[in-house]
Amino acid sequence: MIHITLPDNSVKEFEAGITGFDIAQSISPRLAKEVLSISVNGEVWDLSRPINEDASINLYKWEDRQGKETFWHSSAHLMAETIEAMYPGTKFGIGPTVDTGFYYDIELPDGKVLSEKDLASIEKKMLELARQKNDIVRSEISKSDALKMFEAKNDELKLELISELEDGTITLYNQGNFTDLCRGPHLPNTGLIKAIKLTSIAGAYWRGDEKNKMLTRVYGVSFPKQKMLEEYLVMIEEAKKRDHRKIGKEMELFAFSENVGQGLPLWLAKGAQLRMELESFLKRLQKAHGYDQVITPHIGDVKLYKTSGHYQKYGADSFQTIKTPSEGEEYMLKPMNCPHHCEIYKIKPRSYKDLPVRMAEFGTVYRYEQSGELHGLTRVRGFTQDDAHIFCRPDQLKDEFKKVIDIVFIIFKALSFENYTAQISLRDPKNPDKYIGSAENWDKAERAIIEACEEKGLNTVTEIGEAAFYGPKLDFMIKDALGRSWQLGTIQVDYNLPERFDLEYIGSDDNRHKPVMIHRAPFGSMERFVAVLIEHTAGKFPLWLTPEQVVLLPISEKYNDYAKKVLKFLNNCDIRTVIDDRNEKIGRKIRDNELKRIPYMLIIGEKEVEKEAVSVRKQGEGDKGTMTSEEFVELVNLEVKNQLSGLYN
RNA sequence: GCCGGAGUAGCUCAGGGGUAGAGCGCAUCCUUGGUAAGGAUGAGGUCACGAGUUCAAUUCUCGUCUUUGGCUCCA
């Protein structure tokens, strides 16, 4: 007999060799119907795998991440089984799960290419096979047998994978006529998979290395119920409506022109207004936090970037240098602002009493991004960072770092970004060539970030090897409408550039010391931030950012004089205004699709003129009653104030 | 950059070897006077660009550019 500890810490006795499925059955038949996988002492197993010793277990259903993963992993196998049946001779790479669904990397025989049109027929065949309810059977195999088996199939992809595995740890999973190398776990049988959608097809380098050959990656998602698939598809459609590229076009926020060049956004009037509002918000915030605003040129002598090390690292993959016609000078479009700010720091001797120096600039930078990587406003070649560099003493570092985290939080709160991930990016110790500076400085910098995050009580994930080449960083990631993660705010600690630029301050001991540098951009870039903001608000911005706030609607032309008076007043109050000119030309006619996004409409007629008032309607809320234009301005200001309350102190 | 998909009116898209289509928008006029609206009429396109096949190409083929889903990259 063995003892099984359930999640509620109750202990049950079973015969050795009991399976997860049997345990579920013993708890309730309904649970047995829904359960998908089991964790045994923390390791996720198949339900049908016998348990031979005491263990604590967890049963996973669809609602659990582990349950979904098991389900999708088996779906990936089902897809592989189907593809092998339809295209014999196909070679299979890896077939893992992703956030939503699964994929399998494959290589079809004879250079055949799969296209989106083929997906429907694969889906259909997958469902046919699923209906056979084939058991998915786990078996252990020796390394030599595994190699023999896949040699027979001539599948060098699997052979490569097997060759890296340790003998004695290799398992196979079989269903129907299909057997795959796999660690598992899997569903008991394929019949649980009721609804399948193969979503897309893409190229992917074998093992993620661009030197390797490219395989075909087939993405899909599957569900235990048809209805869930339908809901999922509706959700995707809804998300597409929030795409910032679509809304940006509809609302005339930004545009691209082939003639200007790819990845170079044009900010249209309303988008520029939105952006300027965000900029002035941050400028005020930074002023309150002791930052100085500076302005530097868009180009810089190439030697600046040689000093910083950026040229050596990225020069070949950058926009190439600009040369003067006769003096032999070489300039770069600035790909970052740090070197310019370092030069400002060096303008005069600094005392320890002067530190920290906080230098902020909305600096437009230009980076050559591979053409295939460009994406709306989230990945562009010319963008404006809300950059700042803090030069401080080592003893001020942690405190300064924490203050920057505060600024990021204020921004996220002001815009209701709740679902962010804070990611600490450290260097990869196995790859020292990727980084500049001493190991000692890296240790100090990494420790400062980790400690500051701990002291702030920040929930973080740590990624090894994601650091910038000059220092570790803390990044704030936010998801777009379709769940793709984008890095917004970033805070980086840097001991290296101060050394390379020979920055100094005179300490209280009258000796020269090196300051520490913090690079930070809480928005990340105006472009990417606005993109994510659009997708989060679906174009319904907070009132303090809304490009248009009011439509003024005179009911008859004889009231236009009064309407003009109100208009003038509103403009003086910094209320952005659009006017319907149905009756007389006092403004441009408002379009229907604009109308939907304008928060307030003011109607002016006989009664209003008589009372020297306006009738107010709010989008989505209806009639707000009659008030004077002064009262209306007060109402709007109050609302803006509420949205921004408590942010600056 | 690599592997797929796409490029037709301002927008969203249908079509298809032989006068180029719809809806929305736009323009003009009418209607509507407490209203996030209705109707009529009209304007608009070298069917991304270049080459090839063909009596004939927007349609088929190839190339280029742009865009898009991924991969790689992201100071």
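Sequence lines set the chain letters: A, B, ... in the order given, protein chains first and strands last, and positions in each chain run from 1.
Rounded to the nearest Å, the gap between the C1' atom of G39(B) and that of A9(B) is 23 Å. G16(B) sits 23 Å from C24(B) when the P atoms are compared, rounded to a whole Å. Spacing between A43(B) and G21(B) at atom P, rounded to whole Å, works out to 14 Å. For the C1' atoms, the distance from G34(B) to U19(B) is 50 Å, rounded to whole Å. Rounded to whole Å, the separation between the P atoms of U12(B) and C30(B) comes to 33 Å.
Every pair passing salt bridge (charged side-chain N to carboxylate O under 4.0 Å, His left out) that includes a residue from residues 210-222 of chain A is listed here, sequence neighbours excluded: Asp105(A)-Arg217(A), Glu107(A)-Lys213(A), Glu156(A)-Lys213(A). Listed by first and then second residue, the ring-ring contact (aromatic ring centres under 6.0 Å, His included) pairs involving residues 199-221 of chain A are Tyr103(A)-Tyr219(A) (not counting sequence neighbours).
Ring centroids of Tyr435(A) and Phe469(A) are separated by 6.0 Å or more, keeping the two rings apart.
Base orientation of G44(B): syn (glycosidic angle within 90° of 0).
What separates CD of Gln423(A) from C1' of C74(B) is a distance of 13 Å, to the nearest Å. Between Lys624(A) atom NZ and A36(B) atom P there is a gap of 17 Å when expressed in whole angstrom units. Atom P of nucleotide C73(B) and atom CD of Gln487(A) are separated by 15 Å, given to the nearest angstrom. Residue Glu369(A) contributes atom CD, which lies 9 Å from atom P of A75(B) at whole-angstrom precision.
Near RNA chain B, defined here as any heavy-atom distance below 4.0 Å, the residues from residues 335-342 of chain A are Pro335(A), Met336(A), listed numerically. Non-hydrogen atoms lying under 4.0 Å from RNA chain B are contributed by Ala468(A), Tyr470(A), Lys473(A), all within residues 463-474 of chain A.
Candidate nucleotides C74(B), G34(B), U12(B) were compared by shortest atom distance to the side chain of Tyr314(A), and C74(B) ranks first. When distances run from any side-chain atom of Tyr219(A) to the nucleotides C71(B), U66(B), G1(B), the shortest one goes to C71(B). The nucleotide whose nearest atom lies closest to any side-chain atom of Met214(A) is, among G34(B), C3(B), U12(B), C3(B). Across A36(B), U68(B), G70(B), the shortest atom-to-atom separation from the side chain of Arg484(A) is found for G70(B). Taking every side-chain heavy atom of Gln262(A) into account, U66(B) is the closest of U66(B), C71(B), G34(B). For Arg245(A), the listed nucleotide lying nearest its side chain is G69(B); candidates were C71(B), A75(B), G69(B).
For Lys540(A), there are no salt bridge (Lys or Arg N to Asp or Glu O under 4.0 Å) partners two or more places apart in sequence or in a different chain. For Arg381(A), the salt bridge (Lys or Arg N to Asp or Glu O under 4.0 Å) criterion is met by no residue, not counting sequence neighbours. Under the salt bridge (Lys or Arg N to Asp or Glu O under 4.0 Å) criterion, Asp475(A) pairs with Lys473(A), sequence neighbours left out. Residues passing the salt bridge (Lys or Arg N to Asp or Glu O under 4.0 Å) test with Arg242(A), sequence neighbours excluded: none.
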Please write out the pairs of protein N or O atoms and N or O atoms of nucleotides 4-8 of chain B separated by less than 3.5 Å, giving the distance to one decimal.
none

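Put simply, the side chain of Tyr205(A) and the base of G1(B) share a donor and an acceptor less than 3.5 Å apart. In terms of polar N and O atoms assigned as donor or acceptor, the side chain of Arg379(A) comes within less than 3.5 Å of the base of C73(B) in a complementary pairing. The base of G70(B) lies outside donor-acceptor range of the side chain of Ser200(A), with no N or O pair under 3.5 Å. Glu606(A) contributes no side-chain N or O that forms a donor-acceptor pair with the base of G33(B) under 3.5 Å.
Relative ring orientation between Tyr366(A) and His298(A) is described as tilted, the plane-to-plane angle lying within the 30° to 60° band. Between His375(A) and His244(A), the ring-plane angle classifies as tilted under the 30° and 60° cut-offs.
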Under 3.5 Å, sequence neighbours excluded: what are the donor-acceptor pairs made by side chains of residues 598-611 of chain A?
unit_1	atom_1	unit_2	atom_2	d
Tyr600(A)	OH	Glu639(A)	OE1	2.6
Glu608(A)	OE1	Gly605(A)	N	2.9

Result block: side-chain N/O donor-acceptor pairs under 3.5 angstrom for residues 254-263 of chain A, not counting sequence neighbours:
unit_1	atom_1	unit_2	atom_2	d
Ser257(A)	OG	Asn259(A)	N	3.0
Ser257(A)	OG	Val260(A)	N	3.4

Pairing annotation in dot-bracket form, given for RNA chain B with Watson-Crick or G-U pairs under 3.5 Å and | for cross-strand partners: (((((((..((((....[..)))).(((((.......))))).....(((((..]....))))))))))))....

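Between the side chains of Ser629(A) and Glu631(A), no donor N or O sits under 3.5 Å from an acceptor N or O. Side-chain contact annotation: Glu527(A) with Thr378(A), donor-acceptor N/O pair under 3.5 Å absent.
Under the side chain to side chain contact (heavy atoms under 4.5 Å, CB included) rule, Lys334(A) has a single partner from Ile299(A), Val365(A), Leu304(A), Thr364(A), which is Val365(A).
A 4.5 Å side-chain heavy-atom check between Val636(A) and Gln549(A) finds at least one atom pair inside the cut-off.
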